[in-house]
Protein chains: 2
Amino acid sequence: MYAPLLAHIARYVTLTAAEADLLIGYLRRQPVARKELLLAQGQVCPANYFVLRGCLRTYLTTEKGTEQTIQFGIEGWWLTDYASLDSRRASEFFIQAVEDTEVVVFDQQVQEEVFGRLPQLERYFRLILQRAVAASQFRVKLMFSLSGEQRYHHFNALFPEFVQRVPQYMLASYLGFTPEFLSKIRARVG
Amino acid sequence: MYAPLLAHIARYVTLTAAEADLLIGYLRRQPVARKELLLAQGQVCPANYFVLRGCLRTYLTTEKGTEQTIQFGIEGWWLTDYASLDSRRASEFFIQAVEDTEVVVFDQQVQEEVFGRLPQLERYFRLILQRAVAASQFRVKLMFSLSGEQRYHHFNALFPEFVQRVPQYMLASYLGFTPEFLSKIRARVG
DNA sequence: AGCGTTTCTTGAACTAGATTAAGTTTTCCC
DNA sequence: GGGAAAACTTAATCTAGTTCAAGAAACGCT
């Protein structure tokens with residue numbers, strides 16, 4: 001049930017069976033239906049979410065009423081709005097399931113108690129946050145170095161299955177251009 | 001000497017005087033002349049850098065030979081290439097002083113020993129990395145929501161002194177457009 | 001102080017991607 | 001299974017920002 005999360009944690013820090021049981025006592029699993037929101041704009045972000053199965057995305061709505069996808073999270077990823085989680089201020093983002101999904105919910109309200117009782121998790125989150133910052137720097141690099149078309153081909157080469165899995169309009173906005181432009185890119189290739 | 005760093009740490013975690021002394025034993029201060037590099041492309045990133053005074057930037061060179069600024073770090077900020085620091089692989093980035101600067105160097109080689117002896121620093125870095133991820137999400141949001149000109153005005157409103165402090169070509173590339181375009185924006189306003 | 005280098009400005013021409021509208025295809029739900 | 005909604009495609013037109021070249025201003029070093 002929680003095995004993928006515990007396996008993920010085990011890649012970074014060691015938890016004894018007793019500690020794993022203690023942790024699980026603070027978490028809960030939640031199915032999230034396709035298109036269901038875990039966070040809506042204006043809400044305070046209640047938790048950090050680990051994807052067991054499926055896919056989440058963080059997005060916001062633009063002045064023009066379109067959706068701008070900021071981030072995806074598939075199996076093995078944590079997703080949240082850290083600014084809102086931390087500051088307890090209303091989020092400007094939505095977190096939504098792209099497909100039927102199952103997550104582990106790490107409620108903000110138990111966070112401090114969990115870190116107090118299992119301080120190795122401070123290290124676990126430090127390490128995954130380092131990865132997240134590195135990923136973010138890499139993404140900024142790509143945004144600035146590659147044209148829209150190059151970004152699509154690069155992403156498609158790295159994650160071809162994922163590209164098939166998500167709606168084209170979400171992928172386009174994540175990569176920084178319009179769905180019409182993505183149709184043109186695809187038409188050019190074949 | 002190390003007071004700004006210790007003050008920064010004290011905002012997040014508690015260190016006793018003895019622990020502070022222990023930490024300082026692992027760090028070193030380094031002056032960095034304007035334009036001097038702390039990291040060059042192709043090197044493995046050796047350390048995490050805390051800015052005591054001055055300003056650092058992370059940049060990379062484009063196919064066209066121009067410099068694309070990815071990030072600035074002023075007083076009170078940590079700057080590194082986390083991907084290279086972590087994986088020990090060659091970095092694609094440069095880290096450079098924008099002006100005469102003074103940093104605290106937290107060498108990668110002592111990192112594990114420091115975390116072992118001062119585990120509160122796991123928490124400290126987790127908390128600042130959460131802030132870094134939040135800042136990154138916010139930046140992506142601005143990149144997608146605002147035009148180039150709007151991004152300049154927004155940034156200038158938030159950091160007017162900083163805007164005066166750095167060369168215009170660095171600011172332009174950080175904000176995602178050319179120096180010529182920034183000149184045009186400025187000409188339009190006044 | 002002067003000269004060379006670097007940074008900034010300006011304008012014309014260009015282009016990557018946006019916008020808009022209309023139509024097609026696919027998906028979903030009753 | 002069929003109809004409505006959502007997703008995708010296509011093409012014409014537009015635009016935010018780029019490129020290029022040339023010149024001006026500021027800076028740094030001797």
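So you know, we letter chains A, B, ... as the sequences are listed, proteins then strands, and number each from 1.
Using a 30° and 60° split on the angle between ring planes, B:His8 and B:Tyr12 fall in the tilted class, from 30° to 60°. Below 30°, between 30° and 60°, or above 60°: for B:Phe155 and B:Phe162 the angle between ring planes is above 60°, a perpendicular geometry.
In the helix from C:dA1-D:dT30 to C:dC30-D:dG1, the terminal helix axes, each the rotation mapping four pairs' C1' atoms onto the next four within five end pairs, subtend 60°, rounded to 10°.
Atom-to-atom, CD of B:Glu99 to C1' of C:dT6 comes out at 17 Å; the value is rounded to the nearest Å. As rounded to whole Å, 14 Å separates atom P of D:dA16 from atom CG of B:Leu146. Nucleotide D:dA6 holds its C1' atom 13 Å from the CD atom of A:Gln96, rounded to whole Å. Whole-Å rounding puts the A:Arg188 CZ to D:dA11 C1' distance at 13 Å. Regarding B:Arg186, its CZ atom lies at a distance of 11 Å from the C1' atom of C:dT9, rounded to whole Å. Rounded to whole Å, the distance from CZ on A:Phe144 to P on D:dT18 is 10 Å. One interatomic measurement links the two molecules: CG of B:Asp100 to C1' of D:dC27, which rounds to 14 Å at whole-angstrom precision. The distance between atom CD of A:Gln164 and atom P of C:dT27, rounded to the nearest whole Å, is 12 Å.
The phosphate of D:dA26 has neither OP1 nor OP2 within less than 4.0 Å of any side-chain N or O from B:Gln168. Remark: A:Lys35 is in phosphate contact with D:dA7, judged by side-chain N or O atoms under 4.0 Å from OP1 or OP2.
Within the 4.5 Å cutoff, the side chain of A:Arg88 has heavy atoms near those of the A:Gln108 side chain. You'll find the side chain of B:Ile9 reaches within 4.5 Å of the side chain of B:Leu121, heavy atoms only.
Near DNA chain D, meaning a heavy atom under 4.0 Å away, the residues from residues 169-184 of chain A are A:Tyr169, A:Glu180, A:Ser183, A:Lys184.
B:Arg117 pairs by the salt bridge (Lys or Arg N to Asp or Glu O under 4.0 Å) definition with nothing, not counting sequence neighbours.
Among the nucleotides D:dG28, D:dC8, C:dT19, the one closest to the side chain of A:Pro167 is D:dC8.
A donor-acceptor pair shorter than 3.5 Å can be found between the side chains of B:Asn48 and B:Tyr82. For the residue pair B:Gln168 and B:Ser183, a side-chain donor N or O sits within less than 3.5 Å of a side-chain acceptor on the partner.
Taking the charged nitrogens against the carboxylate oxygens, B:Arg57 and B:Glu99 have no contact shorter than 4.0 Å, which rules out a salt bridge.
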